[in-house]
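Each chain gets a letter, A, B and so on, in the order the sequences are listed, and its residues count up from 1. Values in this document were obtained by computation on a predicted structure and should not be read as measured data.
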Amino acid sequence: MLDIRLIREKPDFVSERLATRGGSDEAKIAEVLRVDAERRKIETQLQRLQADRNRLSKEIGAKRSRNEPSEELEVQVRKIGDEIGDLAQRASALDQEQRNLLLEIANLPHESVPIGKDPSGNRVVRSWGEKPQLSDPADHVALGQKLKILDLERAAKLSGSDFICFTGAGARLERALINFMIDLHTREHGYTEISPPFLVRRDCMIGTSQLPKLEAEMYGLEENQLFLVPTAEVPLTNLHRDEILNVADLPRKFVAYTPCFRREAGAAGRETRGIIRVHQFDKVELVKITMPEKSYEELESLTANAERVLQLLGLHYRVVELCTGDLGFGSAKTYDIEVWSPGQNAFLEVSSCSNFEDFQARRMHLRFKDRDGKNRLCHTLNGSGLALPRLFAALIESYQQSDGSVRLPEKLRDYFGAEKIEMTKHE
RNA sequence: GGUGAGGUGGCUGAGUGGUUGAAAGCAGCGCUUUGCUAAAGCGCCGUGCUCCAAAAGGGCACCGAGGGUUCGAAUCCCUCCCUCACCGCCA
């Protein structure tokens, strides 16, 4: 959520910056300004009447205590009370309207973000490693079938298309990767491990800005108004919602494993083959809550922390800086980390590291008390560290051997309990 | 799920209809005293919104949330949420 004061004071600047995302929010800006002006007008009238009422009511009290008649005043105040009721209703309706409008206006891109309409405007900022030399690489679906570590047919039987069922060594590999990543981030990168609820209230979803915009993509339980988390970003960032943190406690750094649930209406095709895009997937997520002065520094280190996973696994990847047109709704700046998938012959996004600045913090009233004792909004950041299915796919594709087995990178062997995944007769 | 008790400022905790935005204590900040530390004394010390070009300074709202009663509600009534305790059920 943007600061209404910024919109009020620099509407042209805000509109211009929003326009770089493509899709015009200018109408919304004009609308929110209109509502804001009206709201303040009504509130001022309302407050004058309330001041009158307070003053006269005190007089009534004083008169009564002196046993003087007060009926005249009472009649007068009752009349004021009616007007107040009217105005109060209008004021709160306007207030609600203003908030609803603000909730649907995207964040301003950071000034360093390249201007662009669509993904073609993104900029590769670095890459690491090299494509593995494989003559005719099988993709993860074929490998998974042969090795009996992935059973998409039966997953579909259980839950429909675009669900995953890992079996045997596949399930174990998934678990090994989760443990490996969480250990890395807690032991070497200083994150605190959290095991949060997988169901959260609507307020949390609004706080991290999945709602109201993306309601159609979320799974919800209507009867008790809970949502299945689309990412651990939601519970982790909301941990300190409605709190005022001590500056000495910043930055807060959290890591969590959760499943992620998404409707993802997208069409089937090569982009969605196998386990690349599914309705439920596992992810290890990193979240930081920082003071504003430090957030861009923290974005760099967060991205580096996520990259470290791929480096230790020896997987080729690149880091892409998203342009204004490809930026997520709440993000001011985002780096995507894309791992090389020999099977798809393409880079796959396994992490999206973003700085939301105070966009989420304003929605969730997440503040800190600075050294002067002033309350200020925190900045929030998050990034996957990393998303499992695509990592799984890239990993087995990259490390496939000519005999059809998969030789695991060193770092994973202890976690997995073996050096390689081989064909088995039975599952 | 049932019963009971409760939800007040950073914390503890008073307050059952009128100058209470809220006693008191703790913590915090400033000043004074002081060889250092400690202690003592004095003062300051919630948040949001709004008026004013702005500062200074006003005003309004907020005692879990939302309604209601009343001239006036932290205080009375209703609904909901949450916490705690016990019981039931259960991996």
Expected rows: protein N/O vs nucleotides 58-61 of chain B N/O, under 3.5 Å:
{"residue": "B:G59", "atom": "N2", "partner": "A:Gln47", "partner atom": "OE1", "Å": "2.8"}
{"residue": "B:G59", "atom": "N2", "partner": "A:Gln47", "partner atom": "NE2", "Å": "3.3"}
{"residue": "B:C60", "atom": "OP1", "partner": "A:Asn54", "partner atom": "ND2", "Å": "3.2"}
{"residue": "B:C60", "atom": "O2'", "partner": "A:Gln50", "partner atom": "OE1", "Å": "2.6"}
{"residue": "B:A61", "atom": "OP2", "partner": "A:Asn54", "partner atom": "ND2", "Å": "3.4"}

Counting the atoms with a prime plus P, OP1 and OP2 as sugar-phosphate, which does A:Ile60 contact under 4.0 Å by heavy atoms, base, sugar-phosphate, or nothing?
base
For RNA chain B, which residues of residues 77-89 of chain A approach it to below 4.0 angstrom with any heavy atom?
A:Val77, A:Arg78
Hey, can you pull the donor-acceptor pairs under 3.5 Å for the side chains in residues 82-98 of chain A, sequence neighbours left out?
{"residue": "A:Ser92", "atom": "OG", "partner": "A:Gln89", "partner atom": "O", "Å": "3.4"}
{"residue": "A:Gln96", "atom": "NE2", "partner": "A:Asn100", "partner atom": "OD1", "Å": "3.2"}
{"residue": "A:Gln98", "atom": "OE1", "partner": "A:Arg39", "partner atom": "NH1", "Å": "2.6"}

Using a 4.0 Å heavy-atom cut-off, does A:Arg202 contact any base of the nucleic acid, only the sugar-phosphate backbone, or nothing at all?
nothing
Identify the nucleotide, in any strand shown, that forms a Watson-Crick or G-U wobble pair with B:G17, with both distances under 3.5 Å; if there is none, say none.
none
At under 4.0 Å between heavy atoms, what does A:Asn375 touch on the DNA or RNA strands: base, sugar-phosphate, or nothing?
sugar-phosphate
Any sub-3.5 Å donor-acceptor pair from A:Ser341's side-chain atoms to A:Gln344's backbone N or O?
yes
Determine the minimum heavy-atom distance between A:Asp282 and A:Pro389, stating which atoms define it.
O-CD, 3.7 Å
With no hydrogens and no angle check, do the side chains of A:Gln145 and A:Glu153 hold a donor and an acceptor under 3.5 Å apart?
yes
Kindly point out which of B:U50, B:C71, B:C81 is positioned nearest to the side chain of A:Arg201?
B:C81
Salt bridge or not for A:Lys333 and A:Glu321, using N-O below 4.0 Å?
yes
Side chains of A:Asn355 and A:His110, heavy atoms from C-beta outward: is any pair under 4.5 Å?
no
